[in-house]
J.: 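Here it is, the structure, as structure tokens.
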2 protein chains.
Amino acid sequence: MIAIHPLSDLPEIRAADDLPLLLRHSLESAGLWPPAAGDVLIVTQKIVSKAEGRLVDLETVEPGPAAVELAATVRKDPRLVELVLRESSAVVRAVPNVLITRHRLGHVMANSGIDRSNIGAGGGEQALLLPEDPDASALALRSALGGELAVVISDSFGRPWRHGVVGVAIGAAGLPSLVDRRGGQDRDGRRLEVTQIALADQVATAATLAMGEGDEGVPAVLIRGLPVPAGESGASALVRPLEEDLFR
Amino acid sequence: MIAIHPLSDLPEIRAADDLPLLLRHSLESAGLWPPAAGDVLIVTQKIVSKAEGRLVDLETVEPGPAAVELAATVRKDPRLVELVLRESSAVVRAVPNVLITRHRLGHVMANSGIDRSNIGAGGGEQALLLPEDPDASALALRSALGGELAVVISDSFGRPWRHGVVGVAIGAAGLPSLVDRRGGQDRDGRRLEVTQIALADQVATAATLAMGEGDEGVPAVLIRGLPVPAGESGASALVRPLEEDLFR
């Protein structure tokens with residue numbers, strides 16, 4: 001049995017908060033400390049970004065000509081579009097109300113992952129960027145928590161061809177984000193055709209089931225009982241280079 | 001706490017097996033019967049297809065000219081490619097070793113979801129098609145199990161831009177496959193920008209964590225403790241028409 005435990009008593013996270021300490025207190029109060037073998041802690045991008053001070057006051061952002069032009073196309077705030085461009089390496093799609101980019105980390109996502117919701121009371125004109133290096137953030141959290149828990153930093157992405165968002169991993173440490181089954185055999189002894197499992201994405205999605213959205217938002221989850229395979233790779237292993245994409 | 005229970009004692013499923021009865025026995029032996037409120041039973045496409053007799057002997061398949069030509073491009077068995085074409089409405093990508101189609105149900109996936117692995121001992125040259133109507137299959141399973149459990153039929157898909165497969169829902173009954181959050185507010189009272197949650201896909205992915213692949217394959221999972229929102233829509237609600245796709 002695999003158990004997904006929401007950590008619902010975390011306080012609102014602010015810049016320079018000691019996030020590992022707060023997470024540890026929450027795990028303790030939930031009876032989930034010390035860690036068991038295979039425990040995976042999933043933390044939303046939002047609280048990691050907040051703790052890392054990635055909130056930007058839009059009043060301080062001066063949009064350049066490219067942002068002003070793109071903002072007119074997508075009908076968004078030119079200052080937000082300026083941040084989206086700074087955080088991206090390519091624009092994938094730009095039509096009214098839709099701005100999909102390739103983030104500098106490689107993820108293809110809406111608005112370079114920049115979020116204007118749930119960023120704290122009173123912050124009317126602020127935007128929250130992704131962590132500078134989410135794999136490094138996951139590794140730092142893992143170390144600060146004693147190095148036994150695996151850590152996944154989650155976000156929610158839309159997908160081509162399907163409605164609705166699902167959880168994805170943008171940072172990971174202490175588990176293999178991508179599990180390679182090449183050369184494995186199925187129960188009939190045939191070579192497996194499905195070869196690689198996006199384990200960190202699956203973990204992030206499972207955690208999302210216990211996180212909710214909006215008012216009920218729970219920003220961290222512990223998964224216990226998962227048979228975690230050996231190996232370790234960051235969420236960057238999940239990014240497929242644009243030129244290798246199989247779907248176009 | 002949300003619990004993911006693998007149902008690991010199911011026998012090998014064959015055509016015309018009473019799948020609901022076998023699932024109920026497995027739930028009983030796992031101490032998971034009767035159902036609790038919010039229980040979701042996830043069953044792999046493979047065992048549903050097998051029970052519905054969707055196994056095709058490749059010897060009976062006569063590839064047409066289009067299949068022969070496409071098979072040369074993708075370097076696959078022309079009889080398999082013939083089945084892939086019969087099950088699809090469009091070819092999305094065809095290069096050596098890769099054949100991605102839009103299935104007649106709308107899903108964009110490799111080989112129209114046709115599987116040559118894990119289809120039972122001795123079946124050397126057989127292929128397993130998706131169920132004829134997976135939403136109807138899910139509804140029938142739900143009804144045969146008393147109408148209390150929600151049912152999701154899962155498969156594993158690759159994704160654009162990301163390595164590795166994740167679980168997806170191709171059939172669902174008894175829960176809203178897509179949860180609409182439009183008009184909701186976040187904790188700061190802002191209008192939520194993330195508006196629709198692909199709940200059935202998330203459930204299928206969470207179940208996949210307990211299913212494994214290859215030798216350890218577990219074909220059914222019960223998720224207990226999920227806060228299932230009101231409403232009901234099949235997995236067809238997750239399919240975004242090609243012409244509405246936001247990512248191209």
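On a predicted model such as this, the values are computed, not experimentally measured, just so you know. We name chains A, B, ... by the order of the sequence lines, and we start the count at 1 in each one.
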J.: Between A:Ala237 and chain B, with a heavy-atom cut-off of 4.5 Å, which part of the residue counts as in contact: side chain, backbone, both or neither?
T.: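 Backbone only.
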J.: What part of A:Val203 is in contact with chain B, defined as an atom under 4.5 angstrom from a non-hydrogen atom: side chain, backbone, both or neither?
T.: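 Contact with chain B is through both the backbone and side chain of A:Val203.
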J.: Of the backbone (N, CA, C, O) and the side chain (C-beta and beyond), which part of B:Leu238 lies under 4.5 Å from a heavy atom of chain A, both, or neither?
T.: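 For B:Leu238, heavy atoms of backbone and side chain both lie under 4.5 Å from chain A.
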J.: Using a 4.5 Å cut-off on heavy atoms from C-beta on, say whether the side chain of B:Pro241 contacts that of A:Trp161.
T.: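 Heavy-atom side-chain distance check fails, nothing below 4.5 Å.
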J.: Which residue out of A:Leu199, A:Val221, A:Leu178 racks up the most heavy-atom pairs below 4.5 Å with chain B?
T.: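 Result: the option with the highest number of such pairs is A:Leu178.
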J.: Would B:Arg224 and B:Ile4 satisfy side-chain contact (heavy atoms from CB on, under 4.5 Å), going step by step from the backbone distance to the final call?
T.: CA-CA 7 Å; B:Arg224 178 163 287 181; B:Ile4 309 176; over 6 Å; no
J.: Examine whether an atom of B:Val166 lies under 4.5 Å from a heavy atom of chain A, and if so say whether it belongs to the side chain, the backbone or both; otherwise answer neither.
T.: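 Both backbone and side chain of B:Val166 come within 4.5 Å of chain A.
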J.: Has the side chain of A:Thr101 got a donor or acceptor atom that lies under 3.5 Å from a matching backbone atom of A:Ala90?
T.: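 Side chain of A:Thr101 to backbone of A:Ala90: no pair is present.
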J.: Looking only at side chains, do A:Thr44 and A:Asp155 share a donor and an acceptor under 3.5 Å apart?
T.: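 There is no such pair between these side chains.
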J.: Please determine whether a side-chain nitrogen of the Lys or Arg among A:Asp201 and B:Arg159 lies less than 4.0 Å from a carboxylate oxygen of the Asp or Glu.
T.: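 Judged by the 4.0 Å cut-off on N to carboxylate O distance, A:Asp201 and B:Arg159 do form a salt bridge.
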J.: Chain B: which of A:Leu209, A:Ile223, A:Leu222, A:Leu226 shares the most heavy-atom pairs with it under 4.5 Å?
T.: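 The option with the most such pairs is A:Leu209.
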